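Input: a single structure, listed below in C-alpha cells.
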Amino acid sequence: MVKLAEWRGKEIFRKYGVPLPPGRVARSPAEAEQWVRDGSVPLPCVIKAQVLAGGRGKGGAVRFANTPEEVRAAAEAILALEFKGERVREVLLEGKLAIGRELYVAITLDRSARVPLLLTSSQGGVEIETVEDSAIVRQPIHPFPGLAGYEKRRASQSLGLTGAASKALSLLLDALWKAFNAEDAELVEINPLAVVGEGLVALDAKVIIEDDAAFRHPEYSEIRDDRTPLEEIAREKEIAFVQLDGNIGVIANGAGLTMATLDVLMEFGGHPGVFLDLGGTDDPAKVSEAFLLMAQARPRAVFLNIFGGVTRCDTVATGLVQAMGQIPPAERFPLVARIRGNNEVEGIEILRKAGITALSSLKESAQSVVAAAQGPPPAGGRA
Amino acid sequence: MSVLVDVDTRVVVQGITGHQGSGHTLQMKLFGTKVVAGVTPGRAGTQVEGVPVFDSVQEAVDRTGANASCIFVPAPFAKDALLEAVDAGIRLVVIVTEHIPFHDMLIMYHYAKERGTRIVGPNCPGVASPGKAKVGIIPNVVFRPGRVGVISRSGTLTYEIVNGIRENGLGQSTCIGLGGDPVVGTSFVDALPWFENDPDTDLLVLVGEIGGTAEEDAAEYIRQHFTKPVVAYIAGRAAPAGKRMGHAGAIISRGKGTAQSKQAALEAAGARVGRFPFEIPDLVSEVLRERGRR
C-alpha cells in the first residue's frame with residue numbers, strides 16, 4: 001500500500017473538489033516564509049510536518065504562527081525534526097480557520113461484506129481508534145449504483161448537519177466517493193472535517209492507495225512510503241520482503257507458509273528479523289537474488305522453508321547454493337534449509353553437498369536454526 | 001457427490017497459451033480433469049496439451065460444453081476475462097491470477113453474484129476433489145481420495161497440510177483454496193454449508209491467517225450451524241501489527257483480525273485448533289478416531 005502524506009492526499013482531494021483551507025507546501029524555512037509574504041497562505045497560519053505517523057499535534061510537529069518571522073522559525077524547527085523515526089522533508093502551511101465542530105468522514109473497504117463502507121462520526125479531531133463503536137455510523141455502499149442520495153442524507157443526519165451544511169456534505173461525499181474509486185484507494189479519510197460557518201473544510205487528509213492498481217497509476221510509483229530501504233529494493237524486484245525486529249532471516253514460499261514459519265520459530269524461542277516470500281518462483285536466478293537481498297539485512301542465521309508443490313525443491317536448492325557462493329566468507333551466516341515436496345531428495349542432496357544443513361522436519365530445523373542464531377555473531381555484527 | 005467440482009466438470013482455461021496456463025492445463029489433465037477448451041484471443045485453431053484453443057469463452061462453451069473456467073490471464077485483464085466467462089454462462093470460475101486490484105474485484109464479485117456465477121479466488125490455488133476434478137494449481141501429488149474436507153486462505157501452507165493428511169493414511173473429499181486477497185469470491189462462510197451438506201465429508205480442516213474477520217465469521221457460523229468436527233490452524237501469530245505480510249489480506253488493524261482472536265473464536269465454536277501446521281494432520285486422525293469414523 002502507498003500511504004500518502006497529508007499534502008499529497010490533499011492534492012487528490014483538490015482534484016475531486018473536496019474543500020480545503022488555503023495552503024502551500026514548503027521544503028525550506030525560506031520557502032515557507034515566502035508563501036505567507038506573497039499572500040499565498042494567509043496569517044495567522046498553521047505549519048504541519050508532512051510525515052506518515054500520527055499524533056503530530058502532541059509531538060511538536062504542528063505549530064502556529066502569526067507573522068512571517070514566526071512562520072520561518074516554526075518551519076525551521078519542524079524541518080529539523082525526526083518524527084517517530086521519519087525525517088521531516090516537507091511542511092504544509094495552511095491559513096487558520098474559525099472552526100466550529102469537528103467531524104469524521106471516511107470511505108474504506110468492508111472485506112467481509114465485500115462492499116465499500118462509508119464511515120461517519122460526529123466525534124472528529126481525535127484518533128478514530130479511540131472513538132467508541134457506537135459513535136461511528138457504518139453505511140455499506142453497493143459498488144454498482146454507487147453512493148445514493150438517501151445514503152448521503154442519512155450521513156448528514158448522523159452528523160447533525162442541516163441546510164447549507166448538509167448540501168455541502170452531499171457534494172463533499174460525491175467528491176470523496178469519486179476519489180476512492182478513480183484513485184484505487186484503500187482508504188480516503190478526513191479527520192477532522194471542520195464545520196466552518198455554513199460550510200465544511202477538510203483539515204487533514206489520509207489517503208492510502210492500493211499497490212495492485214499501480215499499473216493504472218504510474219503517478220504514485222515514485223512516492224516513498226513507510227518501507228525500509230531494503231523493503232524498497234525488494235519491491236522493485238517484486239519480492240515480498242518485510243523487516244521485523246529479530247535476528248533470524250526467514251525465506252519461504254507462499255505467504256501462509258511464511259507466516260507459519262515465523263510462528264514456529266517464535267515458539268522455539270527464535271526471533272525472526274526479516275522475512276522473504278519467494279511466492280511461486282522456482283527460477284534459480286530469482287532465488288539467488290532473493291537470498292542476496294536477505295544477506296544485506298545481515299541476519300545471524302537464515303532459515304529456508306520450502307514446500308515444493310508448484311515449485312521444485314532442486315531448482316530452489318541450486319539457486320541457493322549459487323547465491324551462497326557469491327557472499328564473501330566473512331559475511332556468511334549459518335543456513336538451515338527445510339525442504340519438502342517435489343524433488344525433495346534431490347534438493348536436500350544438492351544442499352548437503354554444499355555444506356548446508358538440510359532437513360525435512362519443520363520442528364527439528366526450526367530448533368536447529370534457533371540454536372545457530374544464539375551462537376557467536378558473524379564478522380561485521382548483526383542487522 | 002462432492003463440493004463445487006465433480007466428474008461432470010468441464011473446464012475452459014482462460015489464458016491457456018501462457019506459461020502458467022499451459023503448464024497447469026497439463027497438470028489438471030493428469031489429475032483426471034476434463035479440460036475441454038482454452039481461450040486466448042487471436043489464437044483460435046491452435047492446441048495446447050491437446051486442448052483446442054478458441055478466441056472467446058462463448059465459442060468454447062458452444063463447441064465443447066465447458067461449464068467451469070480457470071483464469072490465468074494477467075491482472076490488468078482479469079476483470080474482462082471474468083465478465084466474459086459470466087456472460088458466456090460459466091457458473092464456476094477459479095481465478096488464479098494474483099495482484100488484481102480490489103476495486104476490480106468488487107465489480108467482478110457483484111457482477112458474478114447477481115448472475116449466479118461462483119468465483120473462487122483471486123490469487124488462489126483453486127478447487128480439487130481427488131478422483132474427480134481439479135480446477136486450479138494445487139499440486140496433484142499431495143492428494144488421495146478420502147473424507148476430509150479442506151478450506152484455506154493460504155496456498156503452500158495448504159499443500160503442506162493436505163500432504164500431511166495423505167501421509168497419515170487419510171484422504172480428502174474436496175479441498176478449496178480461497179485466496180488471501182482482501183476481496184475474495186468465496187469466503188469460509190460461503191463454503192461451510194457446502195461441506196456441511198456434502199455426504200462425502202466427515203471432518204473439515206480450516207486453515208486461516210491473520211487479517212480481516214473471515215475466521216471469526218466462520219467460527220460464528222460453525223457454532224450455530226456446522227455439525228461436523230472442525231480442525232483449524234491460524235497462521236500469523238508472530239506477525240507484527242500493520243505490516244503487510246505478502247498477502248494483501250493479512251493486515252492487522254484496530255486489534256481485530258489477530259491470530260489470538262481467531263483461535264479463541266474457533267475454539268469457542270468447538271473446533272480443535274493446532275498451534276503448528278505439522279500438528280494438523282495428527283489432530284485430524286485423532287478427532288476421527290475419537291468419532292470412530294476411521
Side-chain angles (χ1 to χ4, degrees), chain A residues 1 109 111-112 114-116 128-129 142-144 180-182 184-186 210-216 226 240-246 252-267 270-272 275-277 279-280 306-311 340-342 361-363 366, chain B residues 20 24 75-76 98-107 109-111 125 137-139 141-142 152-160 163 180 182-184 187 189 207 209-214 217 233 235-240 243-251 254-255 259 275-278:
Chain A
M1 60 187 151
L109 170 70
R111 291 157 49 147
S112 291
R114 292 169 275 212
V115 289
I128 193 66
E129 285 80 356
H142 195 286
F144 292 152
F180 177 71
N181 288 292
D184 279 291
E186 292 183 14
E210 191 200 8
D211 271 343
D212 287 341
F215 66 87
R216 287 199 279 255
D226 56 348
F241 178 98
V242 173
Q243 276 183 291
L244 312 174
D245 301 327
N253 59 337
L257 185 62
T258 308
M259 285 191 278
T261 307
L262 301 184
D263 294 347
V264 175
L265 279 178
M266 293 279 270
E267 203 67 38
H271 301 285
F275 93 66
L276 199 153
D277 174 7
I306 299 292
F307 187 86
V310 181
T311 314
R340 294 291 321 266
N342 280 346
S361 152
L362 181 54
K363 198 172 167 178
Chain B
Q20 264 214 322
H24 287 294
E98 58 180 338
H99 298 306
I100 297 175
F102 80 78
H103 279 276
D104 285 3
M105 199 41 215
L106 281 175
I107 290 170
Y109 172 77
H110 290 281
Y111 191 85
I137 62 170
I138 313 179
V141 294
V142 301
S152 170
R153 276 168 74 191
S154 305
T156 334
L157 182 58
T158 314
Y159 313 159
E160 170 107 40
N163 191 52
V183 177
V184 288
S187 66
V189 170
V207 183
E209 53 186 55
I210 53 164
T213 55
D217 297 345
Y233 173 72
R237 280 200 306 275
K243 281 268 187 184
R244 172 171 279 231
M245 310 292 282
H247 276 177
I251 293 173
R254 295 204 68 176
R275 289 183 66 74
F276 303 111
F278 50 76

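The shown structure was predicted, so the numbers you read here are calculated from the model rather than taken from an experiment. By convention in this document, chain letters (A, B, ...) are assigned in the order of the sequence lines, proteins followed by strands, and residues within each chain are numbered from 1.
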(message) With chain A as the partner, which of B:P277, B:S187, B:A75, B:P76 has the greatest number of non-hydrogen pairs under 4.5 Å?
(response)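 With the most close heavy-atom pairs to chain A, the winner is B:P76.
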(request) Sort out for me which of B:V141, B:N163, B:V207 touches chain A most, counting heavy-atom pairs under 4.5 Å. (result)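 Of the options given, most contacts go to B:N163.
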(message) Less than 4.5 Å to any heavy atom of chain B: does that hold for the side chain of A:R114, its backbone, both, or neither?
(response)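 It is both, since atoms from each part get that close.
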(request) Examine whether an atom of B:Y111 lies under 4.5 Å from a heavy atom of chain A, and if so say whether it belongs to the side chain, the backbone or both; otherwise answer neither. (result)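 Contact with chain A: backbone and side chain both.
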(request) Determine whether the side chains of A:N253 and B:T156 contain a donor N or O and an acceptor N or O closer than 3.5 Å. (result)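 Note: A:N253 and B:T156 side chains miss the donor-acceptor criterion.
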(message) Evaluate A:R111 against B:F102 for side chain to side chain contact (heavy atoms under 4.5 Å, CB included), listing each step before the verdict.
(response) CA-CA 10 Å; A:R111 291 157 49 147; B:F102 80 78; over 6 Å; no
(message) Taking the ring of B:H99 and the ring of A:F215, is the distance between their centroids below 6.0 Å?
(response)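 No, the ring centres sit 6.0 Å or more apart.
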(message) Any non-hydrogen side-chain atom of B:V183 less than 4.5 Å from a side-chain atom of A:L109?
(response)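 Yes, at least one pair of side-chain atoms sits under 4.5 Å.
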